[in-house]
Amino acid sequence: MALDPKQHADWEIAREAEAHMKTIEQLAGEMGLEPKEVFPYGHYMAKIDAPALLRRLGDRPNGKYVNVTAITPTPLGEGKSTTTIGLVQGLGRRGKKSSAAIRQPSGGPTMGVKGSAAGGGLSQCIPLTPYSLGFTGDLNAICNAHNLGMVALTSRMQHERNYDDEKLERLSGMKRLDIDPTSVRMGWVMYFCCQALRNIIIGIEGDGRSNDGFMMRSRFDIAVASEVMSILSVARDLKDMRERMGRIVMASDKHGRPITTADLEVDGAMTAWMIEAIKPSLIQTIEGQPVFVHAGPFANIALGQSSVIADKVALKLADYHVTESGFGADIGFEKFWNLKCRYSGLTPDASVLVATVRALKSHGGAPVPVAGRPLPDEYRTENVGLVEAGCANLLHHIGIIRMAGISPVVCINAFATDTPAEIAAVRRICESAGARVALSTHWEHGGDGALELADAVMDACNDTNSFRPLYEWNTPIADRIEQIATKVYGADGVDYSPKAKKIMAEIQQRPDADELGVCMVKTQYSLSDNPMLKGAPKGWRLHVRDMLLYGGAGMVVPVAGDIMLMPGTGSRPAFRRIDVDVESGQVTGLF
């Protein structure tokens, strides 16, 4: 008998479920994996040999491909991961062979506000503790690969400063790259949210020494924002990853020529750190369905998608494969639609749009809820008017998915504070817009609570879709940004800072400009670049203040508004509640 999620924390529910979970060998066997394709990490986790499996099953038809996205969330999150797991469990209850692909949780949110992204209640993936704390080592590998590139760059700058051309070549066999120290656009990365490292000075000499490094401004970003993470998300195989790793642009020389990781001769070593990370990881739902975990979150500052490799593997093994994208449809689904599907060549059959009464009330004018504090009265009492007003945001997101030519299924992710009248209002507005809608109580009831959702998704997968990209990649970069801003976000247009305009012009002159996707960076809390503008704001323009180039991942990254690539840790972090039972060695307090 599962624990009641209304009375027990997620970690308590997970611990109870873990006592009965399948071994990784049993799970893999039920999926049709061969033993040689599975590399166990203990009894309940594994890495999967994707190339071997795809060679064996390459001619097998793919299962149905379902994307999960959401409306614009509150800071508390609206349960995309929980819904992804719940839908897979619901499909399982309907006798369908189903799987999920989710993104590995980042240590920043796990130790901060949002928690581990393992789902919640009776729709979680397990084992919770290793999944939340390091897992199979992918994020550690990404940190090491990325930071090794920075080691190569900064040490090369020091040696070129200290030695003339003849001595540099005699000591190291290197020719001078003549790196411009003001052109370094890359920083360091770490696992956690740390606002104190957003702007730093490195290479400060001690006691008059000149061998303490090259002194310059630098920064840390959170690891999931690393270009290496984006490469992991889109790479087709190890060969593709190796080639992409050599195209990462670290800086420019004093004539404006890009300096790449290949120029620094570090690309091979960076790839060496990623040999195990390129293999998708496998765990399970608390009801025993397979969950692939590969690549990372944060679609607001990164690609924010589960990997191409994980989806391709899962689609050969499942009747229905459910893959999750980060944050709202304006961010996560847009990148799934115009970037990930382009890289993978896969076409989705349906998309689930997660909505909550809580988020709709926020968009309708209720005070924005704050993590760790009691919900304002508007969220604990019935207010159909706020819900109806907030549905402007929901309808906008339905329009985004339809723009891609596929069928949206609105999932009302039920909370205990929702009232029948509020739920009826959401259902009525969605149905009036011609969208499928399903109420789901998977958090409280697991797969049994997701049967209406599962039925709606299976029905939507039978629709005749006309999936199409928003833009062609040979369109100028500025025109593509304009289309995303106006058609997806609802902006009146785009304004650029002088810095962003200069960088974009330089990138547009690159011979590979037509091969670069546009990966937007903007707030997740609004359709606009201003997190305070709720609902479906009108009469605003997108402000692009910076532009990054991810040459290896094949992306240009416009940075809109005030968003940072290194989030901060707030005053009520989750780590204050996390501890270890020293008798059993079990971690408590994760959620």
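In terms of modelled atom types and a separation under 3.5 Å, the side chain of Thr285 and the main chain of Gln289 share a donor-acceptor contact. Within the 3.5 Å criterion, the main-chain N or O of Val518 finds no donor-acceptor partner in the side chain of Trp473. The backbone N or O of Val488 lies less than 3.5 Å from a partner atom in the side chain of His396, making a donor-acceptor pair. Side chain of Thr83 to backbone of Gly79: a donor-acceptor contact under 3.5 angstrom is found. A distance-only check finds a donor-acceptor pair linking the side chain of Lys534 to the backbone of Pro531 [under 3.5 Å]. Using a distance-only test at 3.5 Å, with no hydrogens or angles considered, a donor-acceptor pair links the side chain of Asp10 to the main chain of Gly121. Ser362 contributes no side-chain N or O that, together with a main-chain N or O of Arg358, makes up a donor-acceptor pair within less than 3.5 Å. The backbone N or O of Thr475 sits nowhere less than 3.5 Å from a side-chain atom of Asp479 that would complete a donor-acceptor pair. The closest donor-acceptor contact from the side chain of His363 to the backbone of Thr72 lies under 3.5 Å. Proximity of a side-chain donor or acceptor of Ser98 to a complementary backbone N or O of Val88 within less than 3.5 Å is detected.
The nearest pair of heavy atoms linking Leu232 to Ala277 is CD1-O, 3.5 Å. Shortest non-hydrogen contact noted between Met555 and Ser230 is CE-CB, 4.2 Å. For the residue pair Val313 and Ala50, the shortest heavy atom distance occurs at CG2-CB, 3.5 Å. Closest non-hydrogen pair, Val291 versus Cys125, comes out as CG2-CB, 4.3 Å. Asn393 approaches Gly535 most closely through the heavy-atom pair ND2-O, 2.8 Å. Of all heavy-atom pairs between Asp330 and Lys522, the closest is OD2-NZ, 2.8 Å.
If you take CD on Glu324 and OG1 on Thr84, they are separated by 4.5 Å, rounding to the nearest 0.5 Å.
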In sequence, state the C-alpha distance, the side-chain angles, and the governing distance for Gln305 and Ser233, and then conclude on side chain to side chain donor-acceptor pair (under 3.5 Å). CA-CA 7 Å; Gln305 310 291 322; Ser233 298; over 6 Å; no

Please step through side-chain contact (heavy atoms from CB on, under 4.5 Å) for the pair Trp337 and Ser351, ending with a clear verdict. CA-CA 11 Å; Trp337 166 25; Ser351 181; over 6 Å; no

Go through the steps to decide whether Leu57 and Leu317 satisfy the test side-chain contact (heavy atoms from CB on, under 4.5 Å), and finish with yes or no. CA-CA 9 Å; Leu57 301 178; Leu317 298 168; 3.6 Å; yes

Determine, step by step, whether Ser226 and Asp221 satisfy the side chain to side chain donor-acceptor pair (under 3.5 Å) criterion, reporting the C-alpha distance in whole Å, the side-chain angles of both residues, the deciding distance to 0.1 Å, and the verdict. CA-CA 7 Å; Ser226 168; Asp221 298 332; over 6 Å; no

side-chain contact (heavy atoms from CB on, under 4.5 Å) for Leu360 and Leu386? Distances and angles first, verdict last. CA-CA 7 Å; Leu360 293 171; Leu386 285 175; over 6 Å; no

Could you please spell out the steps behind the side chain to side chain donor-acceptor pair (under 3.5 Å) verdict for Ser307 and His294? CA-CA 6 Å; Ser307 76; His294 209 206; 2.7 Å; yes

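For Asp459, the salt bridge (charged side-chain N to carboxylate O under 4.0 Å, His left out) partners at least two apart in sequence or on another chain are Arg436.
A heavy-atom distance below 4.5 Å is found between the side chains of Lys361 and Val387. Annotation: side chain of Tyr131 is not in contact with side chain of Ile126 (no heavy-atom distance under 4.5 Å). The shortest distance between side-chain heavy atoms of Arg480 and Leu470 does not fall below 4.5 Å.
No more than 12 heavy-atom neighbours from other residues, nucleotides or ligands sit within 6.0 angstrom of NZ on Lys96. Enclosure of atom CZ in Arg236 is not indicated, since only 12 or fewer non-hydrogen atoms of other residues, nucleotides or ligands lie within 6.0 angstrom.
With Arg427 as the fixed residue, the salt bridge (charged side-chain N to carboxylate O under 4.0 Å, His left out) test singles out one of Glu388, Glu422, Glu452: Glu452. Among Ile222, Val521, Ile331, the one residue that satisfies the side-chain contact (heavy atoms from CB on, under 4.5 Å) test with Phe298 is Ile222. Between Tyr65 and the options Thr323, Thr347, Ile406, a side-chain contact (heavy atoms from CB on, under 4.5 Å) holds for only Thr323. Shown are Lys312, Lys316, His321; of these, the side-chain hydrogen bond (donor to acceptor under 3.5 Å, both in side chains) with Asn62 is made only by Lys316.
With respect to Asp495 and Arg541, a salt bridge is recorded, a charged nitrogen being found less than 4.0 Å from a carboxylate O. Under the 4.0 Å criterion applied to side-chain N and carboxylate O atoms, Lys340 and Asp311 are assigned as salt-bridge partners. At a threshold of 4.0 Å, the pair Asp237-Lys239 does not count as salt-bridged, since none of the basic side-chain nitrogens sits closer than that to a carboxylate oxygen.
Among residue pairs with one or both ends in residues 50-68, those qualifying as salt bridge (Lys or Arg N to Asp or Glu O under 4.0 Å) are Glu34-Arg56, Glu37-Arg56; sequence neighbours excluded.
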